2 protein chains.
Amino acid sequence: MSPTTAQRTYSIRQAASLTGLPASTLRYYESIGVIGPIGRGETSSHRVYTEDDLDLLTSVACLSATGMSVDDMRTYVANGPLGAHAASEQLGLLVEQERRLTLEAEQIALRTTYVRIKIAYWQAVEAGDDARADDLASQARALADDLQKIKKT
Amino acid sequence: MSPTTAQRTYSIRQAASLTGLPASTLRYYESIGVIGPIGRGETSSHRVYTEDDLDLLTSVACLSATGMSVDDMRTYVANGPLGAHAASEQLGLLVEQERRLTLEAEQIALRTTYVRIKIAYWQAVEAGDDARADDLASQARALADDLQKIKKT
DNA sequence: ACGTTGACTTCGAGTGCTTGAAGTTTTCTA
DNA sequence: TAGAAAACTTCAAGCACTCGAAGTCAACGT
């Protein structure tokens with residue numbers, strides 16, 4: 001995958017825009033060892049990101065966005081280049097992450113339903129339709145009841 | 001329960017589920033005055049949220065999600081534009097929140113896919129199936145690109 | 001070459017939650 | 001109705017950024 005051609009490099013600003021992580025967070029992750037030390041320019045102290053750095057940071061950004069702790073990210077990144085030996089630990093991390101995402105998706109669906117009922121409620125209030133407003137208010141209450149029942153299971 | 005007269009009330013856990021704000025954050029917002037003191041049970045020290053409290057908190061959750069500082073939220077709420085009679089303002093906030101939730105759901109779906117590819121990748125590595133591992137690795141990179149493009153919007 | 005502009009550097013303090021400990025209250029189960 | 005289990009309480013400490021200050025470095029126009 002890497003012939004004789006030199007990899008192109010990126011400034012911290014470019015890296016930030018490509019990974020979606022703020023420059024301050026890039027420096028922070030490096031300072032606490034989530035990612036290894038980034039190379040500096042020949043003549044300057046400015047960070048120089050390679051495409052490999054960018055690939056790694058993109059993965060880290062994804063992990064971070066789903067709520068993985070910096071400790072777990074550090075472990076994940078440290079195990080990355082180790083190959084088959086670290087497979088089971090990586091798997092554990094990822095399966096846990098998948099579980100978290102599933103839960104999060106359920107919560108968001110619930111909140112979306114609630115917000116939609118509330119939108120309809122305020123539209124009814126604005127239209128002076130008190131009967132419909134009352135109905136929607138009771139729908140919101142019903143949703144709260146459902147939530148309680150689901151939680152018990 | 002008195003259906004027509006008394007408002008239904010909610011525990012902090014129910015309030016948390018319906019607003020999307022963790023219970024700890026609900027207590028935190030109250031402690032720093034973003035929201036006024038929440039009523040307590042007759043016989044206990046437990047917080048009891050009314051539907052009006054939930055409406056206010058839903059709006060506060062919208063403001064928080066847009067990145068408003070707690071100082072600004074405190075001012076905003078104190079100035080009263082979120083009172084019971086500000087239907088159109090409530091609506092604007094809620095519609096914006098619905099849009100955000102939809103976006104968030106999409107992001108979570110994408111990240112779930114990403115995590116599942118990574119799980120399959122490490123399973124392939126564990127099984128010694130290098131060809132499949134390579135294929136999955138490139139799938140993950142492709143998805144990371146998609147994730148990044150969506151983030152820019 | 002020189003100054004100005006703007007992105008970069010480190011470092012320490014601030015922000016907005018979040019979690020843990022330790023204790024009380026409510027609710028479930030027996 | 002007792003006694004365990006779950007949910008709540010406050011308070012303090014911790015976490016993951018995030019910002020501001022003060023200074024360095026690089027590029028550009030004159």
Side-chain angles (χ1 to χ4, degrees), chain A residues 9-35 37-50 53 57 60-77 96-97 100 103-104 107 144-145 147-153, chain B residues 1 9-35 37-50 53-54 57 60-77 151:
Chain A
T9 59
Y10 305 83
S11 69
I12 193 168
R13 182 120 305 208
Q14 289 173 310
S17 110
L18 288 170
T19 60
L21 295 169
S24 60
T25 301
L26 260 30
R27 283 188 285 260
Y28 171 65
Y29 280 175
E30 188 182 345
S31 76
I32 61 169
V34 165
I35 54 169
I38 297 297
R40 304 307 179 101
E42 281 298 313
T43 75
S44 81
S45 58
H46 291 193
R47 286 168 180 81
V48 174
Y49 293 82
T50 67
D53 290 335
L57 283 169
V60 168
C62 188
L63 264 20
S64 158
T66 56
M68 184 178 279
S69 75
V70 289
D71 253 33
D72 283 352
M73 287 193 290
R74 189 165 21 216
T75 305
Y76 181 92
V77 169
E96 171 65 13
Q97 199 66 9
R100 224 181 339 245
L103 234 72
E104 211 177 320
Q107 293 291 316
D145 288 342
L147 177 74
Q148 189 131 349
K149 276 167 194 160
I150 287 161
K151 276 214 138 180
K152 281 189 176 178
T153 322
Chain B
M1 278 209 243
T9 59
Y10 303 83
S11 71
I12 194 170
R13 176 126 309 203
Q14 290 173 312
S17 288
L18 291 170
T19 61
L21 297 169
S24 60
T25 301
L26 261 30
R27 282 188 286 260
Y28 170 66
Y29 280 177
E30 188 181 343
S31 77
I32 62 170
V34 165
I35 53 168
I38 297 297
R40 304 307 179 100
E42 279 299 312
T43 74
S44 83
S45 58
H46 290 193
R47 287 168 180 80
V48 174
Y49 292 82
T50 66
D53 289 335
L54 251 54
L57 283 169
V60 167
C62 295
L63 299 178
S64 164
T66 57
M68 184 180 280
S69 74
V70 289
D71 253 35
D72 285 352
M73 287 193 291
R74 182 163 32 212
T75 305
Y76 200 71
V77 170
K151 252 198 168 177

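Quick note: numbers below take in every heavy atom, side chains included, and nothing from hydrogens, waters or symmetry partners. Letters go in sequence order (proteins before strands), and every chain restarts at 1. As the structure is a prediction and not an experimental result, all values here were calculated from the model.
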A.B. asks: Of the candidate nucleotides C:dG16, C:dC8, D:dC17, which contains the atom at the shortest distance from the side chain of A:T25?
C.D. replies: D:dC17
A.B. asks: Report yes if a side-chain nitrogen or oxygen of A:S45 is closer than 4.0 Å to either non-bridging phosphate oxygen (OP1 or OP2) of C:dT10; otherwise report no.
C.D. replies: no
A.B. asks: Name the residue closer to the 5' end of DNA chain D, choosing between A:I32 and B:R40 according to the nucleotide with the nearest heavy atom.
C.D. replies: B:R40
A.B. asks: Base, sugar-phosphate or nothing for B:R27? Non-hydrogen atoms, less than 4.0 Å.
C.D. replies: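 Since a base atom lies under 4.0 Å of B:R27, the category is base.
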A.B. asks: Nearest to the B:H46 side chain among D:dA16, D:dC25, D:dA7, which nucleotide is it?
C.D. replies: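 Nearest listed nucleotide: D:dA7.
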A.B. asks: Of the listed nucleotides (C:dT10, C:dT26, D:dC8), which one gets closest to any side-chain atom of B:R13?
C.D. replies: D:dC8
A.B. asks: Just how far, in rounded Å, is P of D:dG14 from CG of A:D71?
C.D. replies: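 Between P of D:dG14 and CG of A:D71: 15 Å.
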A.B. asks: In whole angstrom, what separates B:Y28's OH from D:dT9's C1'?
C.D. replies: 19 Å
A.B. asks: Of all the choices, C:dG16, D:dC17, C:dT18, which nucleotide is nearest to the side chain of B:P22 once you look at every atom?
C.D. replies: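 Selected nucleotide: C:dT18.
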A.B. asks: Would you call A:M73 and A:S64 a side-chain contact if the rule is heavy atoms closer than 4.5 Å?
C.D. replies: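 The answer is yes, as the side chains (C-beta and beyond) meet within the 4.5 Å cut-off.
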A.B. asks: Measuring to OP1 and OP2 of D:dA16, would you say a side-chain N or O of A:Y29 lies under 4.0 angstrom away?
C.D. replies: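 No, A:Y29 has no side-chain N/O under 4.0 Å of OP1/OP2 on D:dA16.
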A.B. asks: Atom CZ of A:R47 to atom C1' of D:dT24: distance rounded to whole Å?
C.D. replies: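 From A:R47 CZ to D:dT24 C1': 14 Å.
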A.B. asks: Between A:I38 and A:L26, is there a side-chain heavy-atom distance shorter than 4.5 Å?
C.D. replies: no
A.B. asks: Would you kindly say whether B:D72 and B:T75 are connected by a side-chain donor-acceptor distance under 3.5 Å?
C.D. replies: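 Their side chains do not contain a donor-acceptor pair, so the 3.5 Å distance test is not met.
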A.B. asks: Checking all strands, does A:S31 fall into the base, sugar-phosphate, or nothing category for heavy-atom contacts under 4.0 angstrom?
C.D. replies: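 If one applies the 4.0 Å heavy-atom cut-off, A:S31 turns out to touch nothing in the nucleic acid.
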A.B. asks: Between C:dT18, C:dT25, C:dC8, which one does the side chain of B:S44 approach most closely?
C.D. replies: C:dT25
A.B. asks: Could you give the CD-to-P distance, from B:Q14 to C:dT27, as a whole number of Å?
C.D. replies: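 Spelled out: CD on B:Q14 to P on C:dT27 is 11 Å.
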A.B. asks: Rounding to a whole Å, what distance do you find between B:L57:CG and C:dC17:P?
C.D. replies: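 Atom CG in B:L57 sits about 13 Å away from atom P in C:dC17.
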A.B. asks: Distance check needed: C:dT18 C1' versus A:M68 CE, whole Å only.
C.D. replies: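 Rounded to the whole Å, the gap is 18 Å.
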A.B. asks: If every non-hydrogen atom of B:Y10 is compared with every non-hydrogen atom of B:A15, which pair is closest and at what distance?
C.D. replies: CB-N, 4.4 Å
A.B. asks: Looking at B:T43, does any N or O in its side chain come under 4.0 Å of the phosphate oxygens OP1/OP2 on C:dT25?
C.D. replies: no
A.B. asks: How many whole angstroms separate atom CG of A:L26 from atom P of C:dT10?
C.D. replies: 12 Å
A.B. asks: Can you tell if the side chain of B:R47 reaches within under 4.5 Å of the side chain of B:R40, non-hydrogen atoms only?
C.D. replies: yes
A.B. asks: Tell me: CD1 of A:I35 to P of D:dC17, nearest whole Å?
C.D. replies: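 For the pair A:I35 CD1 and D:dC17 P, the rounded distance is 12 Å.
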